[in-house]
Amino acid sequence: MKILTLHCDYIRFKPVKKAISKPEEIKKGAREIKECLVVLSAVEKKDEKYKDAIVKNLITEVRDIAKQVKAKKIVLYPYVHLTSEPSSPSTALYILKQAEKKLSKTKLKVVRAPFGWYKEFEIKCKGHPLSELSREISIEEVAKKEKEEIKGEGKMKELFVILPTGEIKKKKQVSKKEYPEIKIVIKDELGERKKEGKEPPHLRLMRTMEIASHETRVSDAGNLRYLPKGKLIVDLIKDLCREVFVVRLGGMPTKTPCIVSKEDPGAKWMMEQFPERLYKVLPGRAEKRQEFYLRPACDYGTLSILKDASISYKNLPFGLYEFENDSWRYEQRGELLGMYRIRNFMMADLHTMCADINQAFREYEKQIKQFAIQIYYEIGFKPVAVVLNCKEDFFKKYKKQFVEWVKIFKMPIIVKLFSVMKTYKIAWVDVVALDNLKRSMEVTTVQLDTETPKHWDITYTGKDNKKHYPIILHTGIGIDRTIAAILENAASQKNPILPFWLSPTQVRIVPISEKFIEQAQDLAVELNEEEPFVRADIDDRPLHVERRILEAEQEWVPYIVCIGKRELDKQVLSVRTRITGKVKEMKAKEFKKILQEGQGGMPWKPLPLPKLLSKRPKFV
RNA sequence: GCCUCGGUAGCUCAGUUGGUCAGAGCACUACCUUGGUAAGGUAGGGGUCGCGUGUUCAACUCACGCCCGAGGCUCCA
C-alpha cells in the first residue's frame, strides 16, 4: 500500500462520475474539510493477503504523522494512481473502511472520501517540511515495527506493590496516607510525574561551583569537562565505590579497553541491540581497515576476561569490578540533559558470576542490600523502594523468593511485569530514593542476566565435570548522575551545602590581615597533614574580612576560621559553621573533634588546588 | 531525530523595527583602604554580538543552513 499525506489548510471534493461499475453509494455531495491531514492512498495487489496487518500499520503510520504535524482531522482519500498494481476494489474498500473505523476510535476526526468515483478536488497544502510525506506500507514494515516494539519497549503488563507486610496490592489499593513515598515512586515509574518545565538546578550549580561544564569547543555534545573541584568529588565517589564493590562485596578490580570491536559474536550480539547508540572509531591510517567502537559499557572487556578464564564451580560466586572512567553512548540529541544524560559518562560496575539460580538469588539480595540500598545513605539520600522490572514467567516461577525480599530489604517492592523484556536482563532491580524535596531518583541498579553467557559462550565446570552456563549479575552506579543528584539535593536546603566528606574545601582559614598569614599557614599545615585530615585552604587575598567570608559562604565551605590578634591572645579559633551561620570560639582540639565526626570515616583526599586563594585562577 | 525557546566581554544579561549602539553589573589588572564574620573606593584592559552562506550601498540586527544549550515529544543495555 502506498500513501501520500498532505497537511492542508483545506480540501474540497465532489464526486462527479462513476469510476467502477459498482461504486460506493454517496451519502453527501461536495464537502470541504479545513485544517486536516489528507491521506491519499492506493491499496496494492500484494496487500490482499494481509489486509488486517496492513490496516494496523496504516493507522499506526497515520497517527504518527498526524501527531507530528498536530493535525486533528484525517481525510482518507482513495487515490489509485499512486500504484501501478492496484488491488481489487473490494480489498481497497475493506482496508479503507477498517482504517476509518479504527481511527475514529482515537481522538482523531476521520472523513473518508467516497470510493469508486471520479472526483473533482481542490486542495491547499501547507508547505512546511512535514506537510508532504509519502510512505510505503507493507507486511515487511509491519514485521519490522513489531520487532522494534519488542526490542524497544516491551510493554508493561502489570504493576503492583509488595508491601512490607507481605501483602500484594495493586497500585490503586496503596493508600496515600500510609505510603506517601511509595505513591510518589509509583507515579514516576508510570511516567506520570508532572514535568517541571524548568531547567534542573544542577545545570547552573555544576558551573558556578566549578564542578563541571559542557565541553563544546573540542568535543561532541554531551561530553563534560570536570574542573579540579569536580574531579575531586569524582575521585572521592570512586573511592567509595571501590570500598563498596571491592572491600564490602569482594569484587576483583580490573581495567579493560575503551575501544572494542564487533569481531566476537558475543560482542556483536550485544552491540546490535543498540546500534544507533555507538560511537564508531576509525584508525587514522587508511591501511588499517578494522572498525572499532567506543565502549557503551565495560561489559565487553569483562565478559572477554570471563570467557578466557578457567572457572570451577568451587570459585563461584565471584565478581569482577571496574570503575569506568569513560564509557560512551551516542544518545539522541534531544535526550541529553545536564549531567543526567550525557554521551561520555562514568560508571562503577560489578559483574558477578553465579553457578545457579539459588546462588544468584543470594548474591542478588546481598548486593541490593549492601550496595544498591546502602550507598544512598552514604551520599545523603533516603532509599524508599525497590523497583523490580521482571519477565512475567520468571516472576511467577520465583514469586515466593521475591515476596521474601520485603523482609530482607525492609522496604516495599514495586513490581513491573513484562511479557517481553527490553533487553537480555530477565529481572532488573532499581532502587529508588527521595531527596530533600521528595523527588525520586535512581542511580543504582542490579540486573540478573541468564542470556549473555550463552551468547558469549561463558561457562564454568560443575561438580559433574560438565560445562554449565553461569548467571551473571550486572551491578552498577552512574557517577555523573549521582553527582547531579547530590548537587540538586544540596541546593534544596536552606543553606545549601555538600556532604562534609565531598566538600572540596572543608575548612577556610581567613587571616584578619596579612600580619596573620603565617599563623594561618601553620594552622593549614596542621589541618591538612595531621589527624583528622581535612582539606583546609587560606584566603590570603587583600580583601576585607566580610568580603572573604561572603565568598567562602558562596562556595558552600562548611567551616570558616578567622585568625587575628584576639584568637592568638586567647589561644582559640573563631569557627563559623555554615549550617547554623553562627560563630563560636573553641580550642583547636574541640574543632578537630567536630571535623573528625563530620568526616565520619568516609573517603578523603587532599586538596587538589593551591592552598592560597591568591594563587588560584577562577575557572568560571 | 521532531516541535518550541535561546546563544552579545571570562560570567549573568540589556540593546539594535538594517546605518555613532558595542553596553551594564560581577570577574580581571593597577592604585588607595590594614580590615573582625555575607559585597570599601577610584581608574583601566577586555567582544568578528555562536559559525557559514545569501539579500543589501550597508548585517550583530533580515533569510536560509549548520553548531551548541534548555523545554516538550520520542528515548534511555
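Residue numbers begin at 1 in each chain, while the letters A, B, ... track the order of the sequences.
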Categorize [X] for me: base, sugar-phosphate, or nothing, with a 4.0 angstrom heavy-atom threshold over every strand shown.
X: A:Glu199; answer: sugar-phosphate
X: A:Thr208; answer: nothing
X: A:Gly478; answer: nothing
X: A:Gly338; answer: sugar-phosphate
X: A:Trp428; answer: sugar-phosphate
X: A:Ala221; answer: sugar-phosphate
X: A:Pro200; answer: sugar-phosphate
X: A:Lys425; answer: sugar-phosphate
X: A:Gln554; answer: nothing
X: A:Arg548; answer: nothing
X: A:Tyr340; answer: nothing
X: A:Glu546; answer: sugar-phosphate

Output yes when [X] and [Y] qualify as a salt bridge under the 4.0 Å nitrogen-oxygen rule, no when they do not.
X: A:Glu35; Y: A:Lys72; value: no
X: A:Glu189; Y: A:Lys416; value: yes
X: A:Arg578; Y: A:Glu555; value: no
X: A:Arg343; Y: A:Glu335; value: no

Exercise: do A:Ser574 and A:Glu567 side chains pair donor with acceptor under 3.5 Å: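 Note: A:Ser574 and A:Glu567 side chains meet the donor-acceptor criterion.
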Whether the side chain of [X] and the base of [N] hold a donor-acceptor pair under 3.5 Å is what I'd like checked.
X: A:Arg547; N: B:G35; result: no
X: A:Arg576; N: B:A38; result: yes
X: A:His544; N: B:U34; result: no

NZ or CZ of A:Arg277 within 45° of A:Tyr330 ring axis and under 6.0 Å: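 Not satisfied by the 6.0 Å and 45° rule.
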Of the listed nucleotides [options], the one nearest the side chain of [X]:
X: A:Lys618; options: B:A38, B:A77, B:A27; value: B:A27
X: A:Arg578; options: B:A38, B:C76, B:C68; value: B:A38
X: A:Lys515; options: B:U34, B:G71, B:G36; value: B:U34

[N] versus [M] - spacing of their [atom1] atoms, nearest Å:
N: B:C66; M: B:G72; atom1: P; answer: 24 Å
N: B:C21; M: B:G15; atom1: C1'; answer: 7 Å
N: B:A14; M: B:C62; atom1: P; answer: 15 Å
N: B:C13; M: B:G7; atom1: C1'; answer: 12 Å

Taking the six-membered ring for Trp, are the ring centroids of A:Tyr559 and A:Phe591 within less than 6.0 Å of each other?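 They qualify: ring centres under 6.0 Å apart.
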What do you reckon, are the aromatic ring centroids of A:His351 and A:Tyr321 less than 6.0 Å apart?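 No, they do not, as the ring centres are separated by 6.0 Å or more.
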Position toward the 5' end of RNA chain B (nearest nucleotide), A:Arg341 or A:Thr216: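 The residue whose closest nucleotide sits nearer the 5' end is A:Thr216.
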Contact nearer the 5' end of RNA chain B, comparing A:Ile560 with A:Arg541: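 That would be A:Arg541.
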If I compare all heavy atoms of A:Thr256 with all of A:Cys298, which pair ends up nearest, and what's the gap?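 In this case the closest contact between A:Thr256 and A:Cys298 is OG1-O, 4.1 Å.
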Base-pair string, RNA chain B, Watson-Crick plus G-U, cut-off 3.5 Å on both distances, | for inter-strand, is (((((((..((((.....[...)))).(((((.......))))).....(((((..]....))))))))))))....
